[in-house]
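Presented below is the structure to which this report refers.
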Amino acid sequence: MTDSSAPPPAVVVIGGGYGGVNVAKALDDVADVILVEPKDAFQHNVAALRALADPAWLPRIFLPYGKLLARGRVVAGRAAKVEPGRVTLASGEELGADYIVLATGSTYPFPAKSDHPVTAAAREQYRAAHDALAAAGAVLLIGAGAVGIELAGEITAAWPGKRVTLLDAADDVLGPQYRPDLKAELRRQLAGLGVEVLLSSPLRQPPPVPAGEPGPFTVVTEAGREITADLWFRCYGVSPVSDYLAGELAVARGADGFVAVTPYLQVTGQERVFALGDVADADRKMAGIAGRQAQVVAGNIRALITGGELTAYQAAEPSIVVPIGPAGGAGQRAGAPELLSAEFTSQAKGRDMFAGRYAELFGLGPPAAGQG
Ligand SMILES: Cc1cc2nc3c(=O)[nH]c(=O)nc-3n(C[C@H](O)[C@H](O)[C@H](O)COP(=O)(O)OP(=O)(O)OC[C@H]3O[C@@H](n4cnc5c(N)ncnc54)[C@H](O)[C@@H]3O)c2cc1C
C-alpha cells in the first residue's frame, strides 16, 4: 500500500532505447523517474538503413528526449557502476534509486546503429557513409540476417543497378527461427532486384579494408569464389551492454554479457532491479519485444509501489516484418498461415518505418502520412 505523505519512489531507468523510453513514460505518473542516457537524442535505428540510403530521413531517426516525460527527467550521462539502490555515472554523480531498470540494450556495427552520443556527429557519420555508398560500384554485405537483407533492399531501391552481394556462412537468410517459405520469398525478391545472395560461403580472410571505408578490395570464399567490391558493411554482431554491473548484480551477468532475469523480468536474485530488451536474456532481440517487456516491467514496478500481483512475461511466437526497400519485403505473423505480402509489408512498415509512431511518443507531432 502507498503512504500518500511519502515522496514518490525514485525509479532510475538506465538507457533510453526502445525498452527504456517506454518504461520511463509508463511510470512517469507514479514515480520520480530518472532516465539516464549518454546520447542527446533517441536513435530510431529501425529506420537507420533507410536514412543511410536517403539522408532526407535523418531528422526522423534522431528524436530529442526533451518532451518524452512530463514529470520525470532525462540525465545526460553513462552509468559506470550499478548496484542495488545506487547508480554511479561516469561523471562521478551518484543517483539513489528505489527501483532500477537496466535497459542498456546492445551495440551493433554501423550503419545499423551509431554509437556517437552527439546527434550532429552521428548524422555526419551517416552522410559520409551515404556518399561512400553513392560512389561505390559494387558493395559487399557480410551477414544475411534481417539487417543485411534490409540494407541490400535500401541500396537497390536508392541505386538500382548497383552491384550488391549479400554473403553469409549460414546456409540460409534471416536466421533459424523463421519460416522456410519466408526465407525463400526474401531470397526471391532479392534475386529479382539483382542482389547476389551467397550462402554457406565463409570467407578465407576478412576484407583487407575496414568496414565502411572505400576499397576496392577482393575477398575469397572457402570454396574459392572471388568477390571484388568497392565498399563493405558488417551486418552482424549484436553485443549486449552490461559492463557496468557491480557488487551482487554482477553475478547476474552471463559469460555472453546478457543479464539473467526471472519470468517477472527482475534481475535474478533481485526484487527491485529489472532488466529488459536486448540486454536481458529473455526472448529475441527486437524493438517490439523490448516495448512489450517495458509494459510488463512498468506494470510490475507499479504493482510493487501500489500493492498488487506481479505479471510474468510471456515470450512471443516468432514474428517479423522485413522490408526490402520502401515497396518490397515480406513477413510472418504468429498464428497466421499466410506470409505477409510485399504490399502489406510496405504499408505496415516499409513506407514509414514506424517513424511517425516514434515521433508521436517523443511529443514531436502526429504520425506522418506515408513516407516523409
Ligand atoms: C538496423 C536495425 C533495424 C532493426 N529493425 C527492427 C525492427 O524493424 N523491428 C524490431 O522489433 N526490432 C528491430 N531491430 C532491433 C532493435 O533495434 C533492438 O532490439 C532494440 O534497439 C532493443 O532496444 P533496447 O531498448 O533493449 O536497446 P537499445 O535500443 O540498444 O538502447 C539502449 C540504450 O542504452 C544506452 N546505453 C548504453 N549503455 C549505457 C550506459 N552505460 N548508461 C546509460 N545508457 C546506456 C544506449 O545509448 C541506448 O540509447 C533493428 C535493429 C537494427 C540494428
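Whatever order the structure lists ligands and atoms in, that order sets their numbers, starting from 1.
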>> Please classify the Ala80 to ligand 1 contact at 4.0 Å (heavy-atom distances, strictly less than): side chain, backbone, both or neither.
In response: neither
>> Treating Glu37 as the side-chain partner and Lys39 as the backbone partner, does any N or O pair qualify as donor plus acceptor under 3.5 Å?
In response: yes
>> Below 4.0 Å, non-hydrogen atoms only: which portion of Val241 touches ligand 1? Side chain, backbone, both or neither.
In response: side chain
>> Checking contacts here: is it the side chain or the backbone of Arg78 that comes within 4.0 Å of ligand 1, counting heavy atoms only? Could be both or neither.
In response: both
>> Nearest 0.5 Å, please: how far is NE2 in His44 from CZ in Phe354?
In response: 7.5 Å
>> Using every non-hydrogen atom in the two residues, find where Pro109 and Arg234 come nearest and quote the distance to one decimal.
In response: CG-CD, 3.7 Å
>> Which residue and atom name correspond to the protein heavy atom nearest atom 37 (C) of ligand 1, and how close is it?
In response: Thr104 O, 3.5 Å
> Which protein non-hydrogen atom lies closest to atom 44 (N) of ligand 1, naming both residue and atom, and how far is it?
Replying inline: Pro38 CD, 3.2 Å
> Which bit of Gln43 gets closer than 4.0 Å to ligand 1, counting heavy atoms only: side chain, backbone, both or neither?
Replying inline: neither
>> Less than 4.0 Å is my threshold; does some heavy atom of Ala48 fall inside it relative to ligand 1?
In response: no
>> I'd like to know if Lys162 and Asp230 make a salt bridge, using a cut-off of under 4.0 Å between side-chain N and carboxylate O.
In response: no
> Nearest to atom 26 (O) of ligand 1, what protein heavy atom do you find, and at what distance?
Replying inline: Asp278 N, 2.8 Å
>> Looking at Asp171, I want to see if its CG is surrounded by more than 12 non-hydrogen atoms of other residues, nucleotides or ligands under 6.0 Å.
In response: no
> Does the pair Arg357/Glu360 count as a salt bridge with the N-to-O cut at 4.0 Å?
Replying inline: no
>> Would Glu150 count as being in polar contact with ligand 1, using the rule that some N or O on each side must be under 3.5 angstrom apart?
In response: no
>> Tell me if the centroids of the rings in Tyr358 and Phe42 come within less than 6.0 Å of each other.
In response: yes
>> Closer than 4.0 Å to some heavy atom of Gly277 - which atoms of ligand 1 meet that?
In response: 26 (O)
> Taking only heavy atoms of Val36, which atoms of ligand 1 are found under 4.0 Å from at least one of them?
Replying inline: 43 (C), 44 (N)
> Which one of Met353, Lys285, His44, Lys349 has a non-hydrogen atom at the shortest distance from atom 7 (C) of ligand 1?
Replying inline: Lys349
>> I'd like to check which ligand 1 atoms, numbered from 1 as shown, lie under 4.0 Å from a non-hydrogen atom of Gly105.
In response: 26 (O), 27 (O), 28 (P), 30 (O), 32 (C)
> Which residue owns the protein heavy atom closest to atom 17 (O) of ligand 1, what's the atom, and how far is it?
Replying inline: Asn45 ND2, 2.7 Å
> Quick one: do Asp352 and Arg60 make a salt bridge, cutoff under 4.0 Å?
Replying inline: yes
>> Please list, in number order, the atoms of ligand 1 under 4.0 Å from a heavy atom of Ser106.
In response: 30 (O)
>> Could you measure the distance from the CD atom of Glu83 to the CG atom of Leu245? Nearest 0.5 Å is fine.
In response: 10.5 Å
> Which heavy atom of the protein is the closest neighbour of atom 48 (C) of ligand 1, given with residue, atom name and distance?
Replying inline: Glu37 OE1, 3.4 Å
> What about the rings of Phe233 and Phe110, do their centers lie closer together than 6.0 Å?
Replying inline: no
> Tell me, which protein residue and heavy-atom name are nearest atom 31 (O) of ligand 1, and how many Å apart are they?
Replying inline: Gly17 CA, 3.3 Å
> Among protein heavy atoms, which lies nearest atom 6 (C) of ligand 1, and at what distance?
Replying inline: Val46 CG2, 3.5 Å
>> Does ligand 1 come near enough to Met286 that some N or O of the ligand is less than 3.5 Å from an N or O of the residue?
In response: yes
> Any idea which atoms of ligand 1 are less than 4.0 Å away from a heavy-atom of Ile14?
Replying inline: 42 (N), 43 (C)
> Side chains of Thr228 and Thr218: is there a donor and an acceptor less than 3.5 Å apart?
Replying inline: yes
> Is Arg71 salt-bridged to Asp32, going by a charged N under 4.0 Å from an acidic O?
Replying inline: yes
>> Measuring centre to centre across the rings, with the benzene-like ring taken for any Trp, is Tyr264 within less than 6.0 Å of Tyr313?
In response: no
> What atoms of ligand 1 come closer than 4.0 angstrom to any heavy atom of Ala103?
Replying inline: 32 (C), 33 (C), 34 (O)
> Would you call Arg225 and Glu196 a salt bridge, using N to O less than 4.0 angstrom?
Replying inline: yes
> Which atoms of ligand 1 are found less than 4.0 Å from any heavy atom of Tyr18?
Replying inline: 17 (O), 20 (C), 21 (O), 23 (O), 25 (O), 29 (O)
>> Which of the numbered atoms in ligand 1 are under 4.0 angstrom from any heavy atom belonging to Lys39?
In response: 47 (O)
> Which part of Ala79 is near ligand 1, with near meaning a heavy atom under 4.0 Å away: side chain, backbone, both or neither?
Replying inline: both
> Which protein heavy atom lies closest to atom 25 (O) of ligand 1, and at what distance to 0.1 Å?
Replying inline: Gly19 N, 2.8 Å
> Could you state the interatomic distance from CH2 (Trp159) to CG (Leu133), rounded to the nearest 0.5 Å?
Replying inline: 4.5 Å
